[in-house]
Engineer: 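Sharing a structure below in structure tokens format, with a few things to ask.
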Amino acid sequence: MRLAFVGPPGVGKGTQAKLLAESRGMPHISTGDILREAVKRESPIGIEAKGFIEKGAFVPDGVMIGIIRERFEKGDCREGYILDGFPRTIPQAEALEIFLDGIALPLECVYVFDCPDDFIVERITGRRTCSNSGCQAIFHVRFQPPKVEGVCDKCGEALEQRSDDSPGPVQQRLEKYHATTERIIPFYEERGLVRRLDGAGTTGEVFAQVRSAGASL
Ligand code: AP5
Ligand code: MG
């Protein structure tokens with residue numbers, strides 16, 4: 001399965017990608033997770049990306065394409081992969097297509113998660129993320145609470161709120177999604193790759209759709 005997950009901030013892309021990656025033993029490539037790890041390490045990319053992320057703006061396309069190319073060099077994507085949060089712009093989609101064709105691993109399907117903006121705000125404001133950049137497990141104070149408040153079930157590190165999950169950056173991220181990222185959906189529709197999923201249900205309900213969409217791949 002060679003997949004890309006597209007959807008508004010907080011719709012549940014990361015939650016669903018982690019579930020599918022665990023059940024199918026395939027790599028989950030989240031550009032947001034890669035950037036947050038780089039910010040914590042204070043690497044050159046992290047230093048450049050920090051200001052964009054905190055404002056809810058996009059990191060420049062050239063940086064993002066470089067990150068993806070480097071990630072594929074790991075060599076673990078031959079049996080499949082899940083791209084989460086990449087591509088988000090037409091130039092990213094075009095560069096990705098050329099790159100993946102070049103390594104004979106083109107996308108097989110693009111899952112588009114739809115959800116009203118009202119749901120998004122509740123999901124994002126209640127999200128808690130593991131502060132261990134190698135884990136970054138996702139919780140929610142109401143919908144997916146950890147066993148012990150404030151502590152990651154998976155690795156035991158403290159949970160935190162993402163710096164871009166405050167109202168200003170969330171609004172900006174939603175606007176960027178509607179104004180820019182949604183434009184990549186017709187790009188993939190022209191190629192017959194789009195599957196639309198209803199992201200408004202419970203995590204289990206959405207995962208049932210993810211599994212059935214993948215059954216034919
Ligand atoms: P990124 O980390 O990709 O953020 P995003 O796209 O805004 O999406 P989120 O991670 O916020 O949400 P999600 O859909 O993964 O939802 P989650 O599963 O966590 O990117 C962050 C930033 O990095 C960008 O703003 C940008 O600056 C930069 N960046 C990244 N990629 C880039 C690119 N390609 N180009 C340029 N810049 C880039 O779920 C959210 C919450 O809801 C959780 O608490 C979860 O427990 C809960 N939840 C999930 N599903 C459900 C459900 N069905 N019911 C109830 N609650 C649910
Ligand atoms: Mg995410």
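Sequential numbering from 1 along the given sequence is applied to the chain's residues. Both counts, for ligands and for their atoms, begin at 1 and track the order of listing.
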Engineer: In terms of residue, atom name and distance, what is the protein heavy atom nearest to atom 16 (O) of ligand 1?
Structural biologist: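 The answer is G12 N, 3.1 Å.
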Engineer: So, does S131 use its side chain to make a donor-acceptor pair with the main chain of A158 at under 3.5 Å?
Structural biologist: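 Side chain of S131 to backbone of A158: a pair is present.
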Engineer: Taking only heavy atoms of R162 into account, list the atoms of ligand 1 that are under 4.0 Å away from them.
Structural biologist: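 That gives atoms 1 (P), 2 (O), 4 (O), 9 (P), 10 (O), 11 (O), 21 (C) of ligand 1.
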Engineer: Answer with yes or no whether the hydrophobic clustering places L107 together with I68; edges join I, L, V, M, F, W, Y residues whose side-chain heavy atoms lie under 4.5 Å apart.
Structural biologist: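 Same cluster: L107 reaches I68 through Ile, Leu, Val, Met, Phe, Trp or Tyr contacts under 4.5 Å.
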Engineer: Closest non-hydrogen protein atom to atom 8 (O) of ligand 1, residue and atom name please, with distance?
Structural biologist: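 Atom 8 (O) of ligand 1 sits closest to the protein heavy atom K13 NZ, 3.1 Å.
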Engineer: Please say whether G85 places an N or O atom under 3.5 Å from an N or O atom belonging to ligand 1.
Structural biologist: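 Checking ligand 1 against G85, an N or O pair does fall under 3.5 Å apart.
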Engineer: Could you pull out the closest heavy-atom pair between F86 and M64, with the gap in Å?
Structural biologist: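 Distance-wise, the nearest heavy atoms are CE1-CB, 3.8 Å.
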Engineer: For Q92, counting its heavy atoms only, list the atoms of ligand 1 lying under 4.0 Å from any of them.
Structural biologist: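 Those atoms are 33 (C), 34 (N), 35 (N), 36 (C).
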Engineer: Do F52 and F58 have their ring centres less than 6.0 Å from each other?
Structural biologist: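 Ring centres of F58 and F52 not closer than 6.0 Å.
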Engineer: Check ligand 1 against G14 and write out every atom of the ligand that is under 4.0 Å from a heavy-atom position of the residue.
Structural biologist: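 Every atom of ligand 1 under 4.0 Å from some heavy atom of G14: 13 (P), 15 (O), 18 (O).
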Engineer: Just which atoms of ligand 1 are under 4.0 Å from any heavy atom in D164?
Structural biologist: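 Selected atoms, number and element: 21 (C).
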Engineer: Taking the minimum heavy-atom distance to atom 17 (P) of ligand 1, which of M64, R127, Q16, R123 ranks first?
Structural biologist: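 Looking at heavy atoms only, the winner is R127.
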Engineer: Compare every heavy atom of R78 with every heavy atom of A104, then report the nearest pair and how far apart it is.
Structural biologist: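 Where A104 meets R78 most closely, the heavy atoms are O-NH2, 4.4 Å.
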Engineer: Relative to ligand 1, is F58 under 4.0 angstrom through side chain, backbone, both or neither, heavy atoms considered?
Structural biologist: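 The answer is both.
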Engineer: How close do G201 and R123 get, heavy atom to heavy atom, and via which atoms?
Structural biologist: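 Nearest heavy atoms, G201 then R123: O-NH2, 3.3 Å.
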Engineer: Please step through side-chain hydrogen bond (donor to acceptor under 3.5 Å, both in side chains) for the pair H178 and D117, ending with a clear verdict.
Structural biologist: CA-CA 10 Å; H178 293 306; D117 286 358; 3.2 Å; yes
Engineer: Determine whether a donor-acceptor pair (N or O, by modelled atom type, separation under 3.5 Å) exists between the side chain of Q209 and the backbone of D198.
Structural biologist: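 Flag set: sc Q209 to bb D198 pair under 3.5 Å.
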Engineer: Would you mind finding which of V59, V206, D61, T125 brings a heavy atom closest to atom 37 (N) of ligand 1?
Structural biologist: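 The option holding the nearest heavy atom is V59.
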Engineer: Check each atom of ligand 1 against the heavy atoms of G201 and keep those under 4.0 Å away; list them by number with element.
Structural biologist: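 Ligand 1 atoms under the 4.0 Å threshold to G201: 52 (C), 53 (N), 54 (N).
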Engineer: Out of P169, G32, A57, C115, whose heavy atom sits nearest atom 26 (C) of ligand 1?
Structural biologist: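 Closest candidate by heavy-atom distance is A57.
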Engineer: Taking only heavy atoms of T202, which atoms of ligand 1 are found under 4.0 Å from at least one of them?
Structural biologist: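 Heavy-atom distances to T202 below 4.0 Å select 53 (N).
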Engineer: For atom 51 (C) of ligand 1, what's the nearest protein heavy atom and its distance?
Structural biologist: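 Closest protein heavy atom to atom 51 (C) of ligand 1: T203 OG1, 3.4 Å.
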Engineer: Would you mind running through ligand 1 and noting each atom that sits below 4.0 Å from a heavy atom of Q144?
Structural biologist: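 Checking each atom against Q144, I get 46 (O).
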Engineer: Any N or O on V11 sitting closer than 3.5 Å to an N or O of ligand 1?
Structural biologist: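 There is such a contact, yes.
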Engineer: For ligand 1, note which part of L35 has a heavy atom under 4.0 Å away: side chain, backbone, both or neither.
Structural biologist: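 Only the side chain of L35 comes within reach of ligand 1.
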Engineer: Taking all heavy atoms of R173 and all of P9, pick out the closest pair and write down the distance.
Structural biologist: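 For R173 versus P9, the nearest heavy atoms are NH2-CB, 3.6 Å.
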Engineer: Could you find the nearest protein heavy atom to atom 38 (C) of ligand 1 and give me its residue, atom name and distance?
Structural biologist: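 The protein heavy atom lying closest is R88 NE, 3.8 Å.
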Engineer: Treating Y81 as the side-chain partner and A4 as the backbone partner, does any N or O pair qualify as donor plus acceptor under 3.5 Å?
Structural biologist: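 Not at all, since once roles are kept as given, no pair shorter than 3.5 Å links the two residues.
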Engineer: Provide, to 0.1 Å, the distance between atom 56 (N) of ligand 1 and the closest protein heavy atom, together with that atom's residue and name.
Structural biologist: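 It is F143 CD1, 3.3 Å.
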Engineer: Strictly by modelled atom types, are R127 and Q161 linked by a side-chain donor-acceptor pair under 3.5 Å?
Structural biologist: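 No, because no side-chain N or O of R127 sits under 3.5 Å from a partner of the opposite role on Q161.
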Engineer: Side chain or backbone of R36 under 4.0 Å from ligand 1, or both, or neither, by non-hydrogen atoms?
Structural biologist: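 Just the side chain.
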Engineer: Could you check whether any side-chain N or O of T129 sits under 3.5 Å from a backbone N or O of I138, counting only pairs where one atom can act as donor and the other as acceptor?
Structural biologist: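 Side chain of T129 to backbone of I138: no pair is present.
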Engineer: If the cut-off is 4.0 Å to any non-hydrogen atom of T31, which atoms of ligand 1 fall inside it?
Structural biologist: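 Numbered from 1, ligand 1 contributes 30 (C), 31 (N), 32 (C), 34 (N).
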Engineer: Does G10 have a non-hydrogen atom less than 4.0 Å from ligand 1?
Structural biologist: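 The answer is yes, since G10 has a heavy atom less than 4.0 Å from ligand 1.
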Engineer: Check F139 against ligand 1 and report side chain, backbone, both or neither, counting heavy atoms closer than 4.0 Å.
Structural biologist: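 Answer for F139: backbone.
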Engineer: Distance check, rounded to the nearest 0.5 Å: L96 atom CG versus D101 atom CG?
Structural biologist: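 Output value for this atom pair is 9.0 Å.
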